[in-house]
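Below is one structure, written out as structure tokens; the observations come after it.
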Amino acid sequence: MDERVLLLLGILMHESLHGYQINEFIERNLSRVTDMKKATAYSLLERLAKNEMITVRTEQEGNRPPRKVYTITKRGVEEFHRLLQESLSTAESYQFRGDIGLMFLDHLPREQVAELLQQRLEQVKQRLEILERAPKHGFGQGVDLAMEHHAFMLRSEHEWLHSIVQRFQK
């Protein structure tokens, strides 16, 4: 399943938007749960239009350049619900890129491993602090649950890393 398609269709479930608004919303509000780039969003929007899941109309205000406005179609709503059900009912397969480095840490001195993992621990701590300072969304439970899940996973990572750093410092 492509979560990025679910994300775009979900955003369009609320209202029709032009591409800039969609990308701004993702960047400003959802950067903690997705790293989708603008080019990817536009490419997916084109694909969704081609598959008749959204419509595209051109809108022009005053002297501004024309903008494409995207609206979800009935077919898009059906696909959104299908993807949403799949997303909510499917367990994820987690792959942590940092685990590749862990596999080879025996090639470094213990003190250096402890220092490097301490740096990683500090980064996790900073991300967690930023996430925990974020205000509640307030418009339904979904966004807040996603942020809660992210914070829970970061707390677990922090706890685990802390124990590993201690192990290497002994």
Side-chain angles (χ1 to χ4, degrees), residues 1-100 119-158:
M1 181 188 71
D2 192 341
E3 290 82 12
R4 300 168 305 174
V5 170
L6 175 61
L7 175 63
L8 292 172
L9 291 174
I11 290 170
L12 292 173
M13 286 290 288
H14 295 285
E15 64 181 315
S16 298
L17 297 168
H18 57 77
Y20 179 80
Q21 290 172 309
I22 293 169
N23 282 305
E24 281 297 305
F25 180 82
I26 291 170
E27 190 174 305
R28 197 171 338 108
N29 301 304
L30 303 176
S31 61
R32 292 180 193 98
V33 294
T34 185
D35 60 354
M36 183 166 37
K37 306 294 182 225
K38 290 178 183 179
T40 302
Y42 284 115
S43 174
L44 287 171
L45 288 167
E46 284 181 33
R47 190 174 90 203
L48 290 170
K50 200 177 289 186
N51 291 328
E52 299 179 349
M53 291 184 204
I54 61 173
T55 59
V56 183
R57 73 176 192 282
T58 303
E59 187 178 85
Q60 186 165 6
E61 294 178 14
N63 293 334
R64 299 180 116 176
R67 300 185 293 192
K68 292 180 180 179
V69 177
Y70 302 93
T71 304
I72 194 165
T73 63
K74 181 180 178 188
R75 185 172 180 181
V77 171
E78 290 169 358
E79 180 66 2
F80 167 76
H81 282 113
R82 186 190 74 72
L83 290 171
L84 178 59
Q85 290 169 11
E86 182 181 339
S87 176
L88 291 173
S89 65
T90 305
E92 294 181 45
S93 172
Y94 296 101
Q95 296 176 341
F96 304 99
R97 287 178 278 182
D99 283 356
I100 300 298
Q119 291 173 18
R120 182 170 163 179
L121 178 64
E122 288 302 316
Q123 291 173 25
V124 169
K125 181 180 176 184
Q126 289 171 1
R127 289 181 186 155
L128 183 57
E129 288 170 354
I130 290 168
L131 188 62
E132 289 177 335
R133 282 194 309 262
K136 295 282 185 194
H137 186 274
F139 298 108
Q141 300 177 59
V143 173
D144 290 336
L145 281 175
M147 295 301 110
E148 180 183 322
H149 182 230
H150 198 73
F152 182 89
M153 299 304 278
L154 279 172
R155 275 189 224 97
S156 296
E157 176 77 1
H158 185 272

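For the atom pair CG of Leu12 and OH of Tyr70, the computed distance is 9.5 Å after rounding to the nearest 0.5 Å. Atom CD1 of residue Ile26 and atom CD of residue Glu24 lie 10.0 Å apart, to the nearest 0.5 angstrom. The NE2 atom of His149 sits 10.5 Å away from the CG atom of Leu154 when rounded to the nearest 0.5 Å.
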Full working for side chain to side chain contact (heavy atoms under 4.5 Å, CB included) between Thr58 and Val69: CA-CA 6 Å; Thr58 303; Val69 177; over 6 Å; no
Side chain to side chain contact (heavy atoms under 4.5 Å, CB included) between Glu27 and Lys38, intermediate numbers included: CA-CA 9 Å; Glu27 190 174 305; Lys38 290 178 183 179; 3.8 Å; yes
Residue pair Phe25, Ile11: steps toward the side chain to side chain contact (heavy atoms under 4.5 Å, CB included) verdict: CA-CA 9 Å; Phe25 180 82; Ile11 290 170; 3.8 Å; yes
Verdict with supporting geometry, Asn51 and Arg47, side chain to side chain contact (heavy atoms under 4.5 Å, CB included): CA-CA 6 Å; Asn51 291 328; Arg47 190 174 90 203; 3.7 Å; yes
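In the displayed structure, Phe152 atom CZ is contacted under 6.0 Å by at most 12 heavy atoms of other residues, nucleotides or ligands. Counting non-hydrogen atoms of neighbouring residues, nucleotides and ligands closer than 6.0 angstrom, the OH atom of Tyr42 exceeds 12 such neighbours. Few gaps surround CD on Glu129; more than 12 heavy atoms of other groups in view lie less than 6.0 Å from it.
By the 4.0 Å N-to-carboxylate-O rule, Arg120 lies close enough to Glu157 to be salt-bridged with it. Between Glu132 and Arg155 a salt bridge is recorded (basic side-chain N to carboxylate O distance below 4.0 Å).
The two residues Asn23 and Ala41 make their nearest non-hydrogen contact at OD1-CB, 3.3 Å. Shortest non-hydrogen contact noted between Thr40 and Arg4 is CG2-NH1, 3.3 Å. Residues Ala151 and Leu128 approach most closely at O-CD1, 3.7 Å, considering heavy atoms. Considering every non-hydrogen atom in both Leu9 and Gly76, the closest pair reads CD1-O, 3.8 Å. In terms of heavy atoms, Leu7 sits closest to Met36 at CD2-CE, 3.4 Å.
Side chain of Ser87 to backbone of Leu83: no donor-acceptor contact under 3.5 angstrom is found.
Counting only heavy atoms from C-beta outward, the side chains of Ile72 and Met53 never approach each other to under 4.5 Å. For the pair Phe80/Leu6, a side-chain contact is recorded, criterion being any heavy-atom separation below 4.5 Å from C-beta on.
Tested against Leu8 for a side chain to side chain contact (heavy atoms under 4.5 Å, CB included), the candidates Asp2, Leu17, Leu45 yield a single pass: Leu45.
Applying the side chain to side chain donor-acceptor pair (under 3.5 Å) test to pairs two or more places apart or on separate chains, those with a residue in residues 72-81 are Glu79-Arg82.
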Just distance, no hydrogens or angles: give the donor-acceptor pairs under 3.5 Å from side chains in residues 59-66, sequence neighbours left out.
from  : atom 1 : to    : atom 2 : distance (Å)
Glu59 : OE2    : Arg57 : NH2    : 3.4
Gln60 : NE2    : Arg64 : O      : 2.9
Glu61 : OE2    : Arg67 : NH2    : 3.0

